[in-house]
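What follows is one structure encoded as structure tokens, with my remarks underneath.
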There are 2 protein chains.
Amino acid sequence: MTAAKHDVFQAIADPTRREVLRLLANNDLAISEITSHFSISRTAVAKHLHILSEANLVSGKKVGREKIYHLQPEPLTEVKQWLAYYEQFWNNKLSILKHVVENDNEGRFEDRKTDHLK
Amino acid sequence: MTAAKHDVFQAIADPTRREVLRLLANNDLAISEITSHFSISRTAVAKHLHILSEANLVSGKKVGREKIYHLQPEPLTEVKQWLAYYEQFWNNKLSILKHVVENDNEGRFEDRKTDHLK
DNA sequence: TTGACATGAAACCAAAAGGTGTTATATTAT
DNA sequence: ATAATATAACACCTTTTGGTTTCATGTCAA
């Protein structure tokens, strides 16, 4: 179920939201406390928190009249996994060959370079 | 210099652009070839490529009447570095303590929980 | 040289993003 | 009870996104 209107990739695309995550990495914070770190309105911050919440990157629970937000970094694993695919390309050039040799040795390496000509 | 109007985080926020990157991970491709993998117009794909290019995630060179795009994954290291900060929070709960003990043993752990009350 | 092909560029559009301000409601402190 | 606080819920606005269509330009093949 876990409301997924907003993708984790989209959630972290905004610099303000990334900064919010940084703040919450240190402490759980109420909306007003978070707002004090920015120059934008409290309402705007609340919207960012709502988006982060939809991506399950934060959770908020009401405590008295405050709503305390808490970091939930688990969805970031999706980004990490996505990134992992590309690491082979920048770690070192040999790793590309290594990947091909280990995962398919049916001549696909040749295909990789000529596919687009067909 | 490296034109930076578009952030790498924003560039990868769009699912279509992530799919384009996947295609280019296999082969260098011309715009039309990329377009054939989607249901959107060639112009729309060209715009996505432009955004990816601004984030330096791809480079394009003209070959005859075609423009061949090539994956440049290096900017993804920025995302990787950003993610690294949060890994301590999901790997396992003990790693938080481990981090604190290894990097500063001046009682900061206590501060982490009370900062927001000051 | 003429047509077909690949891209570039411009004008336009609807919807979403990122903001704002106002008003209403619940909670705490006096 | 009353005033102050913290947030929620709206209504509204402007800019950006992601897409379209149309037209122009450069290149290749006959």
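Any value given below was found using the heavy atoms of this structure, including those in side chains, with hydrogens, waters and symmetry copies removed. Here the structure is a predicted model, which is why all the values come from computation and not from measurement. Letters go in sequence order (proteins before strands), and every chain restarts at 1.
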Just the rounded figure in Å: distance from P of D:dG18 to CD1 of B:I12. 13 Å
Quick one: CG on A:L23 to OG1 on A:T35, what's the gap to the nearest 0.5 Å? 10.5 Å
By salt bridge (charged side-chain N to carboxylate O under 4.0 Å, His left out), A:K47 pairs with (sequence neighbours left out) none
Can you measure B:D14 atom CG to C:dA17 atom P for me and round it to whole angstrom units? 11 Å
Could you tell me which residues satisfy salt bridge (charged side-chain N to carboxylate O under 4.0 Å, His left out) with B:R18, sequence neighbours excluded, listed by chain and number? A:D7
Does B:S41 have a side-chain nitrogen or oxygen under 4.0 Å from the phosphate oxygens OP1 or OP2 of D:dT20? yes
Candidate nucleotides C:dA17, D:dT21, C:dT20, ranked by approach to the side chain of A:Q10 - the nearest: C:dA17
Mind checking who shares a hydrophobic cluster with A:V63, ILVMFWY linked at side-chain heavy-atom distances under 4.5 Å? A:I68
Atom pair distance, as rounded to whole Å: CG in A:L29 and C1' in D:dT7: 16 Å
Does A:H48 make a side-chain N or O approach to OP1 or OP2 of C:dG19 shorter than 4.0 Å? yes
Using only side-chain N and O atoms of A:H6, determine if any of them is under 4.0 Å from OP1 or OP2 of C:dA17. yes
Atom CD1 of A:I34 and atom P of D:dT7: how far apart are they, to the nearest Å? 9 Å
Qualifying salt bridge (Lys or Arg N to Asp or Glu O under 4.0 Å) pairs with a residue from residues 59-71 of chain A, counting only residues at least two apart or across chains: none
Nearest-Å distance for atom pair NE2/P, residues B:H50 and D:dG19: 16 Å
Letter per nucleotide, 5' to 3', of nucleotides 7-12 of chain C [B base touched, S only sugar-phosphate touched, - untouched; heavy atoms, 4.0 Å]: BBBBB-
Of all residues at least two apart in sequence or in a different chain, which pass the side-chain contact (heavy atoms from CB on, under 4.5 Å) check with A:T43? A:S41
Would you please name every residue forming a side-chain contact (heavy atoms from CB on, under 4.5 Å) with A:P73, sequence neighbours left out? A:L71, A:L76, B:F89, B:W90
Rounded distance (Å) that lies between atom P of D:dA6 and atom CG of A:D28: 17 Å
Axis-to-axis angle for the helix from C:dT1-D:dA30 to C:dT30-D:dA1, ends of five pairs each, to 10°, equals 30°
Mind calculating the distance between CG (B:D7) and P (D:dT17) to the nearest angstrom? 11 Å
Heavy-atom closest contact (A:Q72 atom, A:S59 atom, distance): OE1-CB, 3.5 Å
Pairwise ring pair (Phe, Tyr, Trp, His ring centres under 6.0 Å) hits with a residue in residues 14-49 of chain B, at least two apart: none
